[in-house]
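The figures that follow rest on heavy atoms only: side chains count, while hydrogens, waters and symmetry mates do not.
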Amino acid sequence: MNQILFSLPQLLVFLFAFGISSLDLPAKGRPNIIFFLVDDLGQRDVGCYGSQFHETPAIDQLAEEGMRFTNAYATCHVCSPSRASILTGKYPARTNLTEWLGGRPERDYEPLHHGEKLTALPDEEVTLAETLKRHGYATANYGKAHLSKDPKTYGFDEAVTGWVRSYYHPFSPTYEKTLASKPGDYYTDKLTDAAIDFIERNRNKPFFVHLEHFSVHDPIQGRKDLVQKYQKKLTTMPHQEGPDYILESNPDGPAISEDKLKALEENDTSTSHQSERVWWVKQKQDNVEFAGMVEATDESLGRIRAKLKELGLEKNTIIIFTSDNGGMSASNHYRGINHTRQRLNSRYASSNLPLRGAKGWNYEGGIRVPLVIRGPGVEP
């Protein structure tokens with residue numbers, strides 16, 4: 001465990017220290033690199049970071065064998081800037097890529113309009129993929145790139161990326177053409193299949209796999225067998241004290257009195273809450289659909305590690321496991337909590353407690369992330 005504050009640009013320095021320093025070695029001596037990036041996974045969603053509900057044996061094992069950071073931070077509370085930081089080693093302000101691409105629309109209640117900002121990863125930026133490719137690495141990008149460009153334009157030999165509309169076949173029109181699947185297939189599993197296929201085909205040369213799982217981003221759809229497992233588990237757990245949700249004001253907005261918050265709790269409409277900039281924040285980890293997504297993602301890591309071991313590549317592979325931002329304990333859709341449990345499970349992923357807030361906010365819950373690194377030269 002390492003107590004040092006750690007951000008994603010600094011992670012690139014760490015990666016270069018252990019991996020890129022070996023680029024002058026013969027190809028077989030250069031370490032392979034797998035960057036295992038999960039979308040919207042909060043630090044407290046993982047077993048080795050304290051979750052009592054989600055089961056993550058593969059991540060926990062990686063933490064036991066590698067280095068687990070307790071104070072790791074994403075460079076932004078939303079995805080695209082964080083992903084650009086990983087590839088460029090720069091903070092968002094240095095690239096002017098400071099918001100998720102697509103971007104949030106202007107709101108009537110905002111006193112200022114958005115400033116000018118980029119709408120894609122700039123061509124002039126030198127990426128990690130381009131650097132590794134120049135040194136003989138095979139490079140591949142799978143999942144949610146979300147930088148508004150084909151990853152092949154910034155250094156990847158192969159790319160199977162795009163937005164997910166459903167975690168069950170068919171995943172989206174984009175993946176119909178690029179990711180073979182059939183009815184009943186689960187997206188996280190098929191994306192893992194693609195990454196494993198790339199590893200097998202490139203076993204005799206150094207490779208860089210940027211596996212950007214769309215999971216655990218919404219739509220919140222767990223794999224059915226795992227959802228059933230957590231439904232049973234939930235019935236055996238003791239009742240969790242305290243409220244299921246609390247109403248919180250945005251950290252960059254004005255303070256709101258307790259009386260006004262109570263009034264807004266009763267006036268539970270999206271219009272009133274957006275105008276006052278308040279959101280419901282989930283306080284308990286009890287979403288069986290989300291738990292199924294987390295464990296399916298954990299299984300993906302386990303499968304990849306098993307394949308590396310089978311091919312005799314495990315000892316010469318750097319694995320970085322992290323998330324692009326904090327957990328989605330507040331809904332992406334800005335809706336209230338006067339709904340059925342099933343509806344709430346489709347909107348609120350998890351709880352970040354004891355960290356405050358959620359993805360999209362600069363409270364700890366929005367920016368502190370899990371980070372585990374295992375590879376040659378990394379002490380447990």
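A salt bridge links Asp185 with Lys182: at least one charged nitrogen is closer than 4.0 Å to a carboxylate oxygen. Under the 4.0 Å criterion applied to side-chain N and carboxylate O atoms, Glu248 and Arg356 are assigned as salt-bridge partners. A salt bridge is defined here as a Lys NZ or Arg NE, NH1 or NH2 lying under 4.0 Å from an Asp or Glu carboxylate O, and Lys307 with Glu310 meets this definition. Salt bridge annotation for Arg341-Asp286: present, with a cationic side-chain nitrogen under 4.0 angstrom from a carboxylate oxygen. A salt bridge does not link Lys260 to Glu265: none of the charged nitrogens lies less than 4.0 Å from a carboxylate oxygen. Under a 4.0 Å N-O distance rule, the pair Lys229/Asp225 does not qualify as a salt bridge.
Within the structure, salt bridge (Lys or Arg N to Asp or Glu O under 4.0 Å) pairs that include any residue of residues 128-154 comprise Asp39-Lys144, Asp123-Lys149, Lys133-Asp157 (at least two apart or interchain). Evaluation of the ring-ring contact (aromatic ring centres under 6.0 Å, His included) test over residues 289-319, restricted to residues two or more places apart or in two chains, returns His54-Phe290.
In this structure, Gln283 contributes its side chain and Asp244 its backbone to no donor-acceptor pair below 3.5 Å.
In this structure, Val288 shares a hydrophobic cluster with Phe53, Val227, Tyr230, Leu234, Met237, the cluster being traced through Ile, Leu, Val, Met, Phe, Trp and Tyr side chains under 4.5 angstrom apart. The hydrophobic cluster containing Leu353, built from Ile/Leu/Val/Met/Phe/Trp/Tyr side-chain heavy atoms closer than 4.5 Å, comprises no other residue.
Aromatic ring pairs are classed by plane angle as parallel below 30°, tilted from 30° to 60° and perpendicular above 60°; the pair Phe156 and Tyr154 is perpendicular. Relative orientation of the Trp163 and Phe214 rings is perpendicular, given thresholds of 30° and 60° on the angle between their planes. Using bins of under 30°, 30° to 60° and over 60° for the plane-to-plane angle, the ring pair Trp280/His273 lands in the tilted bin.
Crowding of Arg94 atom CZ: a count of heavy atoms from other residues, nucleotides or ligands under 6.0 Å not exceeding 12.
For the pair Tyr348 and Val281, the minimum side-chain heavy-atom distance is 4.5 Å or more.
Scanning for side-chain hydrogen bond (donor to acceptor under 3.5 Å, both in side chains) contacts around Arg305 gives Glu65, Glu314, with sequence neighbours left out. For Gln221, the side chain to side chain contact (heavy atoms under 4.5 Å, CB included) partners at least two apart in sequence or on another chain are Ser166, Tyr167, Pro219.
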(request) For the pair Phe321 and Leu41, evaluate side chain to side chain contact (heavy atoms under 4.5 Å, CB included) and give the outcome as yes or no after the intermediate values. (result) CA-CA 11 Å; Phe321 172 90; Leu41 184 72; 3.6 Å; yes
(request) Could you give me the CA-CA distance, side-chain angles and deciding distance for Tyr175 and Tyr187, then say whether ring-ring contact (aromatic ring centres under 6.0 Å, His included) is met? (result) CA-CA 10 Å; Tyr175 287 110; Tyr187 172 78; 5.1 Å; yes
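In summary, the aromatic rings of Tyr137 and His135 are positioned with their centroids too far apart to meet the 6.0 Å limit.
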